[in-house]
Amino acid sequence: MALLLKNAHVVDPAANLDGVLDVLIDGDRISAVGEGLVFDGAEVIDLTGKYLVPGLVDMHVHLREPGFEHKGDIESETAAAAAGGFTGVCSMPNTNPVADNGTVITYIKARAAEAGHCRVYPAGAMSKGLKGEIISEMGDMVARGAVAFTDDGRGIQGAGMMRRCMDYGKMFDKVFMSHCQDEDLVGEGQVNEGVASTRLGLLGWPAEGEELQISRDIMLAELTGAKLHIQHISTARGLDMVRAAKAKGLPVTCEAAPHHMFLTEDAITGAYETCFKVNPPLRTSEDAQAIIEGVLDGSVDAIVTDHAPHADWEKAREFELAPFGMIGIEASLALINTNLVKTGKMGYGKLVELMSINPRKILGVEPVSIEAGSLADITVFDADIEWTVGEDGYVSHAKNCGFAGTKVSGRATDVFVGGKQTLKNGAIC
């Protein structure tokens, strides 16, 4: 049945749209966009007072399946994505078994088709077993649907190995997404090295441990010609390195997560709250402000969450023993709306670029726009709904959210993936 979405405030900079319009969906495609649309037999959905934008994509998400279903799985975490307003996610390969071959990629795609609530774009590992020693089966993974390569969770430690991955893998025209962490320097670091590590008596994770590999990988991108994407950037100096690379015309992009913009090392108190233990760690207020400025001036290409579900018992351990990571996909849209759009720092067109257009462009997947012929991947949200993160629980299996208790405004109400509704009036379909 055709769907006629009426009276929504449509925002899509790619189609030069910013006004109240109707959108007609017929099958898996948008068939018409305009004022006063009528279509006999269509189900009419009144979206008065709501925003309608090209479907959001989070290009850095841990679905945990296969192997870590006690943390979350493809069904639960794609449901959480839909609840957050997302029509697609890029899944990280640090599963068990590692997504380093076509068989695992095929499994992820099949499970997502069977039980998923949004599109899943799998990223494949650069190295077998994430060990940084042997190149993964890149060609096989691309043939089965992998959209990018990354050893997220560790990162390739050897410069020579990273070069070999880039030299070999660039033939597939996929982006190399780099988790920048020099393990020899970072060691067993737990929190940002400096005031936080001293105050808390925890081993420090220095900013240089991230910046050294950002610098290295930019140089390797220049050497090899491979496309490079810096994951979860968290320091001012690291962002300056990306700016310099862009100024030279290198194929370098980067992403930032809300927790590196709106939380700092000061959030961790003497209670040692493990929900704030993330990798890279929460940095200084100066770093957080620099990342926000990078988002606003275009230096940061995409907003992601690094959504990382963990079981309650894992995060309930001593800080040093608890795993890194927090969930955030259900609150991301609201956090950006509350802190950047509602404050007048940027408009909804910029939000669409950062959370919809650019992620698809970097991953090389089919673009989506609010225009006839486009895939009907659509996000609808009410920008003025006020709610408290975590107050009503989470759709995710996990609860390890560093923004729990934060009052925000803006929430997805309806999501359509290929014309199929996966979120209806705020409820998972």
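Count residues from 1 along the sequence.
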Trainee: Hey, what do you get for NZ (Lys170) to CG (Asp173), rounding to the nearest 0.5 Å?
Mentor: 11.5 Å
Trainee: How far does CG of Asp217 sit from CE of Met241, to the nearest 0.5 angstrom?
Mentor: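 These two atoms lie 11.5 Å from each other.
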Trainee: Distance only, no hydrogens: is a donor on one side chain within 3.5 Å (strictly under) of an acceptor on the other, for Thr235 and Glu211?
Mentor: yes
Trainee: Which pair of heavy atoms, one from Pro367 and one from Arg360, lies closest together, and at what distance?
Mentor: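 Heavy atoms only, the tightest pair is CA-CD, 4.1 Å.
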Trainee: Verify, without hydrogens or angle tests, whether Thr338 (side chain) and Leu335 (backbone) share a donor-acceptor contact under 3.5 angstrom.
Mentor: no
Trainee: Donor-acceptor pair, Thr106 side chain versus Gly102 backbone, under 3.5 Å?
Mentor: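 Here the side-chain-to-backbone pair exists.
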Trainee: When you measure from the side chain of Ser409 to the backbone N and O of Ile385, does any donor-acceptor pair fall under 3.5 Å?
Mentor: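 Judged by distance alone, no pair lies under 3.5 Å.
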Trainee: Got a salt bridge between Arg411 and Asp382, using NZ or NE/NH1/NH2 to carboxylate O under 4.0 Å?
Mentor: no
Trainee: For a quick check under 3.5 Å, do His229 and Asp301 share a side-chain donor-acceptor pair by atom type?
Mentor: no
Trainee: Do any side-chain atoms of residues 320-334 form donor-acceptor pairs under 3.5 angstrom with protein atoms, and if so which ones, sequence neighbours left out?
Mentor:
unit_1 : atom_1 : unit_2 : atom_2 : d
Glu330 : OE1    : Val395 : N      : 3.0
Glu330 : OE2    : Val395 : N      : 3.1
Glu330 : OE2    : Ser396 : N      : 2.9

Trainee: Hydrogens and angles aside, do Asp12 and Ser369 bring a side-chain donor and acceptor to less than 3.5 Å of each other?
Mentor: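 Indeed, the side chains of Asp12 and Ser369 share at least one donor-acceptor pair under 3.5 Å.
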Trainee: Check whether any side-chain heavy atom of Lys109 sits under 4.5 Å from a side-chain heavy atom of Arg144, and report yes or no.
Mentor: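 Lys109 does not reach Arg144 side chain to side chain.
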Trainee: Show your working on side-chain contact (heavy atoms from CB on, under 4.5 Å) between Leu203 and Glu193 and close with a plain yes or no.
Mentor: CA-CA 7 Å; Leu203 292 174; Glu193 184 173 292; over 6 Å; no
Trainee: Check step by step if salt bridge (Lys or Arg N to Asp or Glu O under 4.0 Å) holds for Asp312 and Lys399.
Mentor: CA-CA 7 Å; Asp312 290 349; Lys399 304 179 183 66; 3.5 Å; yes
Trainee: Starting at CZ of Arg243, measure out to SG of Cys254 and round the result to the nearest 0.5 Å.
Mentor: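 If I round to the nearest 0.5 Å, the distance is 8.5 Å.
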Trainee: Begin with the C-alpha distance, continue with both residues' side-chain angles, and end with the deciding distance and a verdict on side-chain contact (heavy atoms from CB on, under 4.5 Å) for Thr264 and Leu282.
Mentor: CA-CA 5 Å; Thr264 72; Leu282 301 179; 5.6 Å; no
Trainee: For Asp377, is there an ion pair with Arg119 - N to carboxylate O distance below 4.0 angstrom?
Mentor: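 Answer for the salt bridge query: yes.
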Trainee: Going by the angle between their ring planes, with limits at 30° and 60°, are His60 and His232 parallel, tilted or perpendicular?
Mentor: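 Aromatic pair His60/His232 classed tilted.
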Trainee: Under 30°, 30 to 60°, or over 60°: which ring-plane class applies to Tyr348 and Phe381, parallel, tilted or perpendicular?
Mentor: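 The rings of Tyr348 and Phe381 sit tilted, inter-plane angle from 30° to 60°.
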Trainee: If you look at every heavy atom in Leu56 and Thr379, which pair is closest and at what distance?
Mentor: N-OG1, 3.1 Å
Trainee: Quick check for you: to the nearest 0.5 Å, what is the distance between Asp240 atom CG and Ser215 atom OG?
Mentor: 12.5 Å
Trainee: Sequence neighbours left out, what passes side chain to side chain donor-acceptor pair (under 3.5 Å) with Glu265? Give chain and number order.
Mentor: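 If we apply the side chain to side chain donor-acceptor pair (under 3.5 Å) test to Glu265, skipping adjacent residues, the hits are Asn192.
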Trainee: Could you pull out the closest heavy-atom pair between Arg199 and Thr269, with the gap in Å?
Mentor: NH1-CA, 4.1 Å
Trainee: Any side-chain to backbone donor/acceptor pair from Thr284 onto Asp287? Under 3.5 Å, distance only.
Mentor: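 Side chain of Thr284 to backbone of Asp287: a pair is present.
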Trainee: Are the side chain of Asn7 and the backbone of Asp22 linked by a donor-acceptor contact shorter than 3.5 Å?
Mentor: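 No, the answer is negative, given that no donor and acceptor are paired below the 3.5 Å cut-off.
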Trainee: Could you tell me whether the side chain of Leu130 reaches within less than 4.5 Å of the side chain of Asn94, counting heavy atoms only?
Mentor: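 Yes - at least one pair of side-chain heavy atoms lies under 4.5 Å apart.
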Trainee: Output, in order, the C-alpha distance, side-chain angles, deciding distance and verdict of side-chain hydrogen bond (donor to acceptor under 3.5 Å, both in side chains) for Lys315 and His310.
Mentor: CA-CA 7 Å; Lys315 277 293 196 177; His310 292 293; 5.3 Å; no
Trainee: In Å and rounded to the nearest 0.5 Å, what is the CZ to CG distance from Arg29 to Leu24?
Mentor: 14.5 Å
Trainee: Quick check on side-chain hydrogen bond (donor to acceptor under 3.5 Å, both in side chains): which of Arg283, Arg237, Gln181 does Glu210 satisfy it with?
Mentor: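 Among Arg283, Arg237, Gln181, the one meeting side-chain hydrogen bond (donor to acceptor under 3.5 Å, both in side chains) with Glu210 is Arg283.
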Trainee: What is the minimum heavy-atom distance between Met177 and Met92, and which atoms define it?
Mentor: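 Closest approach of Met177 to Met92, heavy atoms only: CE-CE, 3.8 Å.
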Trainee: Tell me if a side-chain donor or acceptor on Thr343 pairs with a main-chain N or O of Asn339 at a distance below 3.5 Å.
Mentor: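 Judged by distance alone, yes, a pair lies under 3.5 Å.
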Trainee: List the atom of Ala15, the atom of Glu371, and the distance in Å for their closest heavy-atom pair.
Mentor: CB-OE1, 4.3 Å
Trainee: Charged N to carboxylate O below 4.0 Å: is that the case for Glu183 and Arg154?
Mentor: yes
Trainee: Do His9 and Leu52 come close enough that some side-chain heavy atom pair is under 4.5 Å?
Mentor: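 No, too far: nothing below the 4.5 Å cut-off.
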Trainee: Side chain of Glu273, backbone of Cys275: donor and acceptor closer than 3.5 Å?
Mentor: no
Trainee: Working note: His259 + Asp306, criterion side-chain hydrogen bond (donor to acceptor under 3.5 Å, both in side chains); need CA distance, chi angles, decisive distance, verdict.
Mentor: CA-CA 9 Å; His259 55 265; Asp306 193 8; 5.1 Å; no
Trainee: Is there side-chain contact between Ile30 and Val23, with heavy atoms separated by less than 4.5 Å?
Mentor: yes
Trainee: Flag the pair Ile233 / Glu255 as yes when at least one side-chain heavy-atom distance between them is below 4.5 Å, and no otherwise.
Mentor: no
Trainee: Are the side chains of Leu63 and Val120 in touch, meaning some heavy atoms are under 4.5 Å apart?
Mentor: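 Touching, per the 4.5 Å side-chain cut-off.
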Trainee: With the threshold set at 4.0 Å, does a side-chain nitrogen-carboxylate oxygen contact exist between Asp384 and Lys342?
Mentor: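 Lys342 and Asp384: salt-bridged.
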Trainee: May I have the step-by-step check of side-chain contact (heavy atoms from CB on, under 4.5 Å) for Lys227 and Lys174, ending in yes or no?
Mentor: CA-CA 7 Å; Lys227 291 184 287 189; Lys174 302 298 180 185; over 6 Å; no
Trainee: Under 3.5 Å, side chain of Glu77 to main-chain N/O of His397, donor-acceptor pair present?
Mentor: yes
Trainee: Return yes if some donor-acceptor pair links the side-chain N/O of Thr78 with the main-chain N/O of His117 below 3.5 Å, else return no.
Mentor: yes
Trainee: For Asp297, I'd like to know if atom CG has over 12 heavy atoms of other residues, nucleotides or ligands within 6.0 Å.
Mentor: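 Atom CG in Asp297 is packed in, count exceeds 12.
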Trainee: Closest approach of Val300 and Ile291, non-hydrogen atoms and distance?
Mentor: CG2-O, 4.2 Å
Trainee: Glu293: what forms a side chain to side chain donor-acceptor pair (under 3.5 Å) with it, not counting sequence neighbours?
Mentor: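 Listed in chain order: nothing, the list is empty.
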Trainee: Looking at Glu65 and Arg111, is any side-chain nitrogen of the basic one under 4.0 Å from a carboxylate oxygen of the acidic one?
Mentor: yes
Trainee: His70 vs Glu314, test: side-chain hydrogen bond (donor to acceptor under 3.5 Å, both in side chains). Steps then yes/no.
Mentor: CA-CA 10 Å; His70 67 285; Glu314 293 174 307; 3.2 Å; yes
Trainee: Would you call the rings of Phe172 and Phe149 parallel, tilted or perpendicular, where under 30° means parallel and over 60° means perpendicular?
Mentor: perpendicular
Trainee: When you measure from the side chain of Lys277 to the backbone N and O of Phe319, does any donor-acceptor pair fall under 3.5 Å?
Mentor: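 Checking the backbone N and O of Phe319 against the side chain of Lys277, a donor-acceptor pair under 3.5 Å is found.
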Trainee: Could you check if a side-chain atom of Leu47 sits within less than 4.5 angstrom of a side-chain atom of Asp414, using non-hydrogen atoms only?
Mentor: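 The answer is yes; the side chains approach within 4.5 Å.
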Trainee: Looking only at the side chains, is there a donor atom on one of Gln231 and Thr150 sitting less than 3.5 Å from an acceptor on the other?
Mentor: yes
Trainee: Does any part of the side chain of Met346, heavy atoms only, come nearer than 4.5 Å to the side chain of Ile336, both counted from C-beta?
Mentor: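 Heavy-atom side-chain distance check passes, below 4.5 Å.
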Trainee: Looking at Lys420 and Asp28, does any basic side-chain N land under 4.0 Å from a carboxylate oxygen?
Mentor: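 Asp28 and Lys420: not salt-bridged.
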